[in-house]
Amino acid sequence: MRLELRSNKDFLAGLLFLILGGFAVAVASNYPMGSTMRMGPGYFPTALGVILCLFGAYLVVRGIRTGGKMERGWAWRPLAFITLSIVLFGFLLDRAGMVPALVAMFFVAAAAGREFRFKEVLLLTVVMSAFAAAVFLYGLKLPYPLFPGVWWIS
Amino acid sequence: MDILNNIILGFGVAFSPANLAYCFVGVTLGTLVGVLPGVGPLVTIAMLLPITFNLPAVSALIMLAGIYYGAQYGGSTTSILVNLPGETASAVTCIDGYQMARQGRAGPALAIAAISSLFAGCVGVLLIALLGPVLGELALKFGAAEYTALMLMALAASAVMTQGDAVKGLAMVVLGLLLGIVGTDVNSGMSRYTFGVPELSDGIGFTVIAVGLFAVAEIVVNLERTEASAAYTHKITGLMPTGKDLRDSSWPIVRGTAVGAFFGVLPGTGPALSSFATYLLEKKLARDPSRFGKGAIEGVAAPEAANNAAAQTNFIPMLTLGIPATATMALMLGALTMQGIEPGPQVMTSKPELFWGLIASMWIGNLMLVVLNLPLVGLWVRLLRVPYRWLFPSIIMFCCIGNYSVSNNPADVYLCAVIGVLGYVLAKLDCEPAPLILGYVLGPLMEEYLRRALLISRGDPTVFFTRPISLAFMIATLLVLLLMIAPAVRGKKADNA
C-alpha cells in the first residue's frame with residue numbers, strides 16, 4: 001500500500017465498506033435467495049451487500065484521486081484502554097462482584113486519559129462505586145454480588 | 001372534544017408523582033449534559049437507554065425526552081456565558097450571546113434564551129398534539145409500499161443531511177440495515193449472520209449498538225483532543241430584560257419557532273440545522289444586519305426558539321409514523337421497541353396514555369427548565385470546571401452496567417466493546433454514526449415491508465410508483481439524492497443530533 005493511502009480517509013472508508021459488503025454477500029450466498037415476488041432470507045442482505053460494495057468502490061476511487069488526509073493519527077492507546085476496561089468489567093462482574101469489576105474498570109479506563117492521578121482515580125472509584133451500588137443494587141435490585149460471595153440483601 | 005379529553009388524560013399521567021420525578025430527573029440531567037462540553041444528549045440517552053429497560057414505558061420516554069430538550073436549554077447557558085457551546089444546536093447562540101455577556105448583558109441574554117425556548121417549547125408541544133392525530137390517521141391508510149417508500153426517503157434524507165460526506169452517509173445507512181438483519185429471520189426462521197453464536201440469534205441488541213457507537217467511540221474521539229477549559233469572569237447583574245429587548249425579540253422568537261418546527265418534522269434535519277437557518281434568516285430580515293455578531297438580541301432569541309421548537313416537533317414523525325428523523329429519535333424509538341411496543345400510528349390509539357402523557361410531560365418539563373435554568377445559573381456555570389477525566393470513566397461505568405443489565409449476559413458487554421472499536425474507526429474516517437443507527441432501527445421493518453409490498457404486487461417493482469402516496473415519497477427521495485449533487489446546499493450543513 002502506498003504510504004499516503006494509509007492516512008487517506010476516503011480510501012480507507014471505501015476499503016472498509018468493500019470488505020464488509022463483500023463479506024455480507026459471501027455469507028448471504030448460503031441463504032436461499034427466493035424470487036423478487038417471494039424473497040428468501042438471502043435476498044435483502046445480498047442486495048444490501050452489493051450496494052455497500054458499490055459505495056465502497058466509489059469511495060476507493062475517489063480517495064485515490066482526491067482523498068482527504070486524516071487530521072490526527074489513530075489514538076490506539078486510549079482505544080485499547082477503554083476497550084480493555086469494558087471487557088474487564090464484563091468478565092469480572094459475576095465472577096468477582098460489582099466492586100472489584102468497577103475498580104478494574106475505573107483504573108484501566110482512567111489510564112486512557114492524558115493524565116493519571118492515582119488519588120483522584122481512587123476517590124472517583126470509591127464515590128461512583130458507592131453510587132452504583134446504591135442505585136443499581138439497592139434501588140433497581142439488579143442481581144449482582146457486591147464482592148465475591150457477598151450480596152446486598154435489601 | 002376528543003383532544004381535550006386526551007390532554008386531560010395526558011396530564012393525569014404526567015402529574016403522577018413518579019412521572020413528575022422522572023421528568024425532573026430528565027430535564028436536570030439534560031441541563032447538566034447541555035452545560036458540560038464533550039457530553040451531549042445523544043451520549044447521555046445512549047448510556048441511560050439500557051437502564052430505562054427496568055422502568056415503565058411512559059416513565060422511560062418522559063425521562064429520555066427530558067434529557068433531549070433539557071440539553072437545548074443547558075447548551076445555551078454555556079454559549080452565552082463562556083462562548084463554549086455545550087451542544088451543537090447552541091453553537092449559533094455563541095455569536096451574539098457571548099457578545100451580550102461581554103457587554104455586561106449576560107442576564108437579559110439568558111432570560112431571553114429561556115423565554116424563547118419556553119415559548120417555542122409550548123408551541124412545539126401544541127403542534128404535536130394537533131398534528132399527531134392527523135398524521136396518525138393518514139398513516140393508517142399506508143400499505144406496505146407506502147411504508148417502504150417512506151423509510152427509503154427518511155434514510156436517504158438522514159444520509160444526505162448529515163454533517164459529513166453524503167456518499168459515506170449512504171454507505172453507513174446500508175451498513176446499518178445489514179447490522180439490523182443479524183439474528184433470526186422472522187419469515188423463514190433462518191439464522192442470519194449469527195455464526196453459531198447463540199447470543200446473536202435475537203440480533204445485536206439495540207443498546208449495544210447505541211452505547212458502542214455514541215458513547216464508547218465518542219469518548220475515544222474526545223480523548224485525542226486537548227481539554228478545553230473555560231472560566232467565567234463576568235458578573236451576572238440582573239436577569240430582567242428591558243421592554244425594548246422584549247419588543248425586539250418578539251418577532252424573531254415567532255419566526256424562529258416556525259423555522260424550527262418545520263425543520264423538526266422533516267426527516268434528517270434537527271435542532272442544529274434549524275438554529276443555523278433561522279440565524280441567517282434574521283440577519284437577512286434585519287434593518288441593520290451589521291449589529292449581528294456584536295450582541296444583537298435577535299441573534300439569541302431566534303436560534304434558541306428554533307432549536308427548542310425542533311427538539312419538540314422531532315417527536316412527530318417518530319410517534320405517529322414510527323419513523324425517526326434523527327439519531328436521537330432513533331434511540332427513543334429503540335427505547336419503545338425494547339419495551340415491547342411496536343412503533344407506528346397505532347400507538348396513539350392503543351396506548352393513548354403514552355402519547356398524551358409524554359406530550360403533557362414535555363409541557364411541564366419546559367416549565368421546570370425555566371425554573372432550573374434562570375435562578376440556578378451560577379451553579380451550572382460552576383459545573384464547567386468538572387474535568388473530562390472524571391466524566392469519561394463514569395460514563396463507561398453507566399454503559400457497562402446498563403448493557404449488562406439488559407439480559408444479564410457478559411456477551412452484550414463484550415459486543416459493545418467491539419462496536420465501540422468499529423465506531424471509533426468509522427468516526428476517524430469521517431463516517432457519521434447517525435445514518436447507521438437509523439438504518440439499524442429501520443432495517444428489519446424495511447425488509448418486512450419490502451417483502452410484503454412485492455408479494456402483494458406479484459414481484460412487480462413498479463408498485464412503488466403507481467400508488468400516489470408511495471410515488472410522492474419516491475419523488476421526495478430522488479429530490480433528496482439530487483441535493484447531494486448540488487454543492488451550494490451542502491455547504492451549510494450541521495450536525496443533526
Side-chain angles (χ1 to χ4, degrees), chain A residues 9-10 12-13 16-17 20-21 24 27-28 31-32 35-41 44-45 48-49 51-52 55-56 58-59 62 68 70 72 74-75 78-79 82-83 85-87 89-91 93-94 98 101-102 105-106 109-110 112-115 120-121 124-125 128 132 136 140 142-144, chain B residues 51 54 165 167-168 170-171 174-175 177-178 181 185 187-188 190 192-193 216 219-221 223-227 388-390 392-394 396-397 399-401 403-405 408 410-414 416-418 420-421 424-426 428-431 446-447 450-451 454-455 457-461:
Chain A
K9 285 186 290 201
D10 292 354
L12 290 178
L16 181 64
F17 290 134
L20 291 172
V27 176
Y31 309 142
S35 64
T36 309
M37 185 178 148
R38 285 188 192 282
M39 287 186 195
F44 197 54
L48 290 177
I51 297 172
L52 192 57
F55 284 132
Y58 170 83
L59 285 170
R62 199 183 73 182
M70 283 195 301
R72 286 174 293 258
W74 298 91
L79 182 66
I82 294 286
T83 309
S85 74
I86 297 172
V87 171
F89 177 88
F91 183 77
L93 186 61
D94 52 352
M98 191 183 229
L102 283 178
M105 190 227 90
F106 268 99
R114 200 163 284 101
E115 329 170 43
E120 229 181 64
V121 179
L124 187 68
T125 310
M128 291 311 287
F136 295 107
L140 292 172
L142 296 181
Y144 314 130
Chain B
I51 298 162
N54 302 305
D165 187 288
V167 179
K168 286 180 183 168
L170 288 171
V174 178
L175 185 59
L177 289 168
L178 274 168
I181 284 177
D185 175 30
N187 279 32
S188 60
M190 191 163 187
R192 293 187 290 182
Y193 299 105
V216 179
I219 284 175
V220 182
V221 169
L223 284 176
E224 0 173 303
R225 297 189 188 135
T226 34
E227 245 177 72
Y388 194 63
R389 63 174 187 278
W390 297 359
F392 78 86
S394 312
I396 298 274
M397 179 191 90
C399 295
C400 287
I401 299 179
N403 258 327
Y404 199 105
S405 73
N408 291 329
D412 280 346
V413 182
Y414 303 147
C416 176
V418 174
V421 173
Y424 172 70
V425 170
L426 287 168
K428 283 298 282 184
L429 300 176
D430 271 355
C431 299
M446 188 159 172
E447 183 182 19
L450 184 68
R451 271 179 176 170
L454 287 172
L455 184 66
S457 75
R458 301 183 169 278
D460 178 11

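First the proteins, then the strands, lettered A, B, ... as listed; each starts at 1.
Both the backbone and the side chain of A:Tyr31 come within contact range of chain B, each with at least one heavy atom under 4.5 Å from a heavy atom of that chain. Heavy atoms closer than 4.5 Å to chain A are found in the side chain of B:Ser188, but not in its backbone. Only the side chain of A:Leu102 comes within contact range of chain B, judged by heavy atoms closer than 4.5 Å. Only the side chain of B:Ile181 comes within contact range of chain A, with at least one heavy atom under 4.5 Å from a heavy atom of that chain. Within the 4.5 angstrom heavy-atom criterion, only side-chain atoms of A:Tyr58, from C-beta onward, approach chain B. Using a 4.5 Å cut-off between heavy atoms, A:Met105 contacts chain B through its side chain alone, with no backbone atom that close. For chain A, the nearby parts of B:Val425 are the backbone and the side chain; heavy atoms of each come within less than 4.5 Å. Both the backbone and the side chain of A:Thr83 come within less than 4.5 Å of a heavy atom of chain B. If you measure heavy-atom distances from A:Leu16 to chain B, the contacts under 4.5 Å come from the side chain alone. At a 4.5 Å heavy-atom cutoff, the contact between A:Leu59 and chain B is made by side-chain atoms alone. Looking at A:Ala28, the atoms closer than 4.5 Å to chain B (heavy atoms on both sides) sit in the backbone and in the side chain alike. Using a 4.5 Å cut-off between heavy atoms, B:Asn187 does not touch chain A at all. Within the 4.5 angstrom heavy-atom criterion, only side-chain atoms of B:Met190, from C-beta onward, approach chain A. Of the two parts of B:Cys400, the backbone and the side chain both hold a non-hydrogen atom closer than 4.5 Å to a non-hydrogen atom of chain A.
Under the 4.5 Å side-chain criterion, counting only non-hydrogen atoms from C-beta, A:Met98 is not in contact with A:Leu142.
When B:Asp185, B:Leu455, B:Ile219 are compared by the number of non-hydrogen pairs under 4.5 Å with chain A, B:Leu455 comes out ahead. By number of non-hydrogen pairs under 4.5 angstrom with chain A, the leading residue of B:Asp412, B:Leu177, B:Asn408 is B:Asn408. Considering only heavy-atom pairs separated by less than 4.5 Å from chain A, the leading option among B:Asn403, B:Val221, B:Ile51 is B:Ile51. Comparing B:Asp430, B:Ile401, B:Val220, B:Val174 by heavy-atom pairs within less than 4.5 Å of chain A, the highest count is held by B:Ile401. Across B:Cys431, B:Gly420, B:Ser405, B:Cys399, the residue that shares the most heavy-atom pairs under 4.5 angstrom with chain A is B:Ser405.
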